[in-house]
Amino acid sequence: QVERWFALLTQKQLRRGVHRSARELVHDILAFIERQNVDSTPFAWNKTADEILASLERFCRHTLSAHVPEISPRTSETGH
């Protein structure tokens with residue numbers, strides 16, 4: 001849930017803003033926190049742990065299969 005909160009901070013505040021100094025960045029982060037706290041609601045899990053793990057497994061299988069080259073069969077005993 002903490003990671004999701006930081007993702008929201010990044011999406012809604014940091015990527016959209018132009019910060020010319022560290023002071024501006026801190027000000028914008030604190031303003032985001034204030035706005036979030038005005039109408040705060042807890043994050044709710046929408047999936048079970050098993051559903052999340054199954055989704056992660058599918059993602060990993062898809063990602064690995066897209067990046068692992070297939071081994072081509074050898075055309076001769078020397079490998080050429």
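Keep in mind it's a predicted model, so treat the numbers as computed, not measured.
- Listed by first and then second residue, the salt bridge (charged side-chain N to carboxylate O under 4.0 Å, His left out) pairs involving residues 36-54 amount to none (not counting sequence neighbours).
- Rounded to the nearest 0.5 angstrom, I29 CD1 and I33 CD1 are separated by 7.0 Å.
- Residue pairs meeting the ring-ring contact (aromatic ring centres under 6.0 Å, His included) criterion with at least one partner in residues 3-36, sequence neighbours excluded, are W5-F32.
- The CG atom of D28 sits 8.5 Å away from the CG atom of L14 when rounded to the nearest 0.5 Å.
- Across every non-hydrogen atom of R20 and E24, the tightest pair is N-OE1, 3.0 Å.
- Side-chain atoms of R35 and Q13, non-hydrogen and from C-beta on, do get closer than 4.5 Å to each other.
- In the hydrophobic clustering of ILVMFWY residues, with side-chain heavy atoms under 4.5 Å counting as a link, V2 and L9 come out together.
- Around the CD atom of E34, the shell of radius 6.0 Å holds no more than 12 heavy atoms that belong to other residues, nucleotides or ligands.
- Between T48 and L53, the closest side-chain pair of non-hydrogen atoms is not below 4.5 Å.
- Side-chain contact check for R23 versus V26: every heavy-atom pair is 4.5 Å or farther apart.
- Between the NE2 atom in H62 and the CZ atom in R58 there is a gap of 12.0 Å [rounded to 0.5 Å].
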